[in-house]
Amino acid sequence: TSTCNALLAVFVRGNRHSEGHLLLSDKLLGLCKPDLNTYHMLLMAYCRAGEADKAVGLLEEMNAAGVEPVLESPHLLLDGLCSAGQAVEARKHLEELERRQQQQHVGGDTYIVLIRGMCRTGKLDEAKQFLRESSHRQLNVAMYTMVVDGLCKAGRLEEAFDLLEAMANREGCEPNVVTYNTLMAALCRAGRLDEALALLKEIVDKGCCPDVVTYTSIIDGLCRLKRIDEAHRFFEEMVSRQQVPDAVAYTALINGLSKAGRVGEVHRLFRYMLLDGCIPDAVTCSTLVNAFCKSGNIEAAVDMFEKMEERGCKPNVVVYTALIHGFCKLKKVDVALGLLQHMSRNGCAPNLVTHNIVVDGLCKCGRVQDAYDYFSRLLETGNCRPDTYTFNAIMEGLCKAGELDEARRLFEDMTRFCARN
RNA sequence: CUGUUUGAUGGAAUC
C-alpha cells in the first residue's frame with residue numbers, strides 16, 4: 001500500500017490535469033488495498049482535474065471500502081473544490097453533509113475551510129452570502145474577519161466596513177483587535193492614514209487594546225507616506241503601552257528609515273534591536289542588505305549577507321536578489337553573475353525578479369547580446385514567464401544599442417505573447 | 001518509503 005501511495009503521489013504531482021494519469025491511478029487502486037492517504041491523494045487529484053462529482057463520489061466509496069473518513073477528508077474536499085474554482089459545489093457539499101447529519105464531519109473547522117477557500121479564490125460574494133445565510137450555524141469572529149480581510153485585499157473597503165457592522169450585531173462574532181487590525185492595515189495600504197489613526201483612537205476609547213500588529217501596520221503606513229517622525233512616535237507609544245516590538249515591527253521601521261534615505265538611523269535602530277534582545281529574521285536581514293545596497297554601501301551589504309548564517313537565517317531568494325541588484329547598479333555584473341550561480345548551488349532558485357535584474361544589469365553594462373541570450377534561455381526553458389519588467393529591460397537595452405530591427409521583432413513577439421495571456 | 005487540510009491581521013528584492 002505504501003508503495004502504491006508513493007507511486008500515486010508521483011502520478012498526481014507529475015501531471016495534475018491528465019485524465020490518463022487518473023485512470024492509471026484507478027488501476028493502481030485495484031492492485032493494492034487503498035488506505036486513508038490513498039483516498040486523500042485521489043480526492044485532491046480529482047479536485048484539481050475539475051472532476052467535482054468524482055471527488056464527492058470518492059467519499060462515498062471510502063465508506064463502502066471500509067476506510068472511515070476523518071474530519072480531514074471533507075476538509076480536503078472542500079478546499080480542493082474551492083481551489084478548482086468550484087466554491088458553489090463546495091458549499092453544496094457542505095450542506096449535503098449537514099443534511100445527512102454527519103456531525104462528526106461538520107464542525108467549526110469545516111466552515112473555516114470553506115470560507116478560507118472562498119476568500120483565497122476571490123469568491124467573496126459567495127463568502128458574504130454564506131455568512132448571511134448562516135444564522136442557524138455557529139459562526140465566530142475569525143470566520144467574519146477572514147472575509148473582512150478578503151474584501152480589504154480586493155479593495156472593497158466599503159463592504160468590509162459593512163461587514164464590521166454586521167459583526168457587531170451578531171452574538172459571538174463581535175469584532176476584536178484582529179478585525180480592527182485588518183481594517184486599519186487596509187486603510188494604511190490605501191494611504192488613508194488619517195482614517196486609520198481615527199479608527200485606532202476610536203477602538204482605544206472603546207477599551208480595545210492595540211497590539212504589536214496594530215502598531216506595525218500604522219508605522220509601516222506612516223513610513224510609506226514619509227511621515228517618519230510620527231512613525232517613530234508610534235513605535236514609542238507601542239513600547240509605553242507594554243507592547244513588545246518584534247522583528248516585524250523593527251523591520252517595518254528600518255525599512256521606512258531606509259526608504260527615506262536615513263541610513264544612519266537604520267544602523268542605529270538595528271543595533272538597538274539587537275540590544276533589545278529582538279532576534280532579526282530573514283526579512284530583517286534582507287531589508288538591511290537592501291538598505292545598504294541602496295545607500296551605496298555594498299561592503300556593509302555583503303557583511304550583513306555573510307552574517308546571516310551565523311544569525312541563524314538562511315539566505316533566501318530576496319536577499320540574493322537584493323545583493324545581485326546592488327552589484328548590477330555598480331556595474332559589477334560579473335560579481336552579480338557569480339552570486340547567481342552561488343545561489344543556485346545553494347539550493348536557492350532565482351525567480352522572475354532575479355532574472356529581470358540580471359537582464360537589466362547585463363544591458364546596462366553594454367552586454368546586450370548576453371542579456372538577449374539569457375532572455376532567450378528564459379523563454380526556452382519556460383521555467384519563468386517574462387513579464388513587462390523583463391521586456392522593458394531587454395527593449396531598452398536593444399534600443400540603446402541601436403539594434404532597432406531586433407527590438408522591433410521582439411516588440412511584435414511581445415504583443416503576441418501578451419495576447420496569449 | 002508518500003501526501004494533506006491546518007481558524008483570522010502587520011515587515012523585505014526588479015521603482
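Here is the naming used below: chain letters follow the sequence lines, and residue numbers restart at 1 for every chain.
When the side chain to side chain donor-acceptor pair (under 3.5 Å) test is applied to A/Glu126, no partner is found at least two apart in sequence or on another chain.
Near RNA chain B, meaning a heavy atom under 4.0 Å from it, residues 218-233 of chain A has A/Asp220, A/Arg224 in order of number. Sorted by residue number, the members of residues 237-250 of chain A with any non-hydrogen atom under 4.0 Å from RNA chain B read A/Asp246, A/Ala247, A/Val248, A/Ala249.
Contacts of A/Val353 with the nucleic acid, taken as non-hydrogen atoms under 4.0 Å apart, include base atoms. Residue A/Val359 is classed as having no contact, given no heavy-atom separation below 4.0 Å to the nucleic acid. A/Ala252 comes within 4.0 angstrom of the backbone, heavy atoms only, and of no base. Within 4.0 Å of A/Thr390, counting heavy atoms only, lies no atom of the nucleic acid at all. Contacts of A/Ser286 with the nucleic acid, taken as non-hydrogen atoms under 4.0 Å apart, include base atoms. If you check every strand for non-hydrogen atoms under 4.0 Å, A/Asn37 touches a base. If you check every strand for non-hydrogen atoms under 4.0 Å, A/Thr145 touches a base.
Pairs of residues two or more places apart, or lying in two chains, never qualify as salt bridge (Lys or Arg N to Asp or Glu O under 4.0 Å) while including a residue from residues 274-297 of chain A.
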Donor-acceptor pairs under 3.5 angstrom involving side-chain atoms of residues 198-208 of chain A: please list them, not counting sequence neighbours.
unit_1   : atom_1 : unit_2   : atom_2 : d
A/Lys201 : NZ     : A/Asp205 : OD2    : 3.3
A/Lys206 : NZ     : A/Tyr180 : OH     : 3.1

Can you give each donor-acceptor pair under 3.5 Å made by side-chain atoms of residues 349-359 of chain A, sequence neighbours left out, with the distance rounded to 0.1 Å?
unit_1   : atom_1 : unit_2   : atom_2 : d
A/Asn351 : OD1    : A/Val353 : N      : 3.1
A/Asn351 : OD1    : A/Thr354 : N      : 3.1
A/Asn351 : OD1    : A/Thr354 : OG1    : 2.9
A/Thr354 : OG1    : A/Thr321 : OG1    : 3.0
A/Thr354 : OG1    : A/Asn351 : N      : 3.1
A/Thr354 : OG1    : A/Asn351 : O      : 3.4
A/His355 : ND1    : A/Tyr374 : OH     : 2.7
A/Asn356 : OD1    : A/Thr390 : OG1    : 2.6
A/Asn356 : ND2    : A/Leu352 : O      : 3.4
A/Asn356 : ND2    : A/Asp387 : OD1    : 3.2

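Dashed line: the shortest gap from a side-chain N or O of A/Arg116 to OP1 or OP2 of B/U6 is under 4.0 Å.
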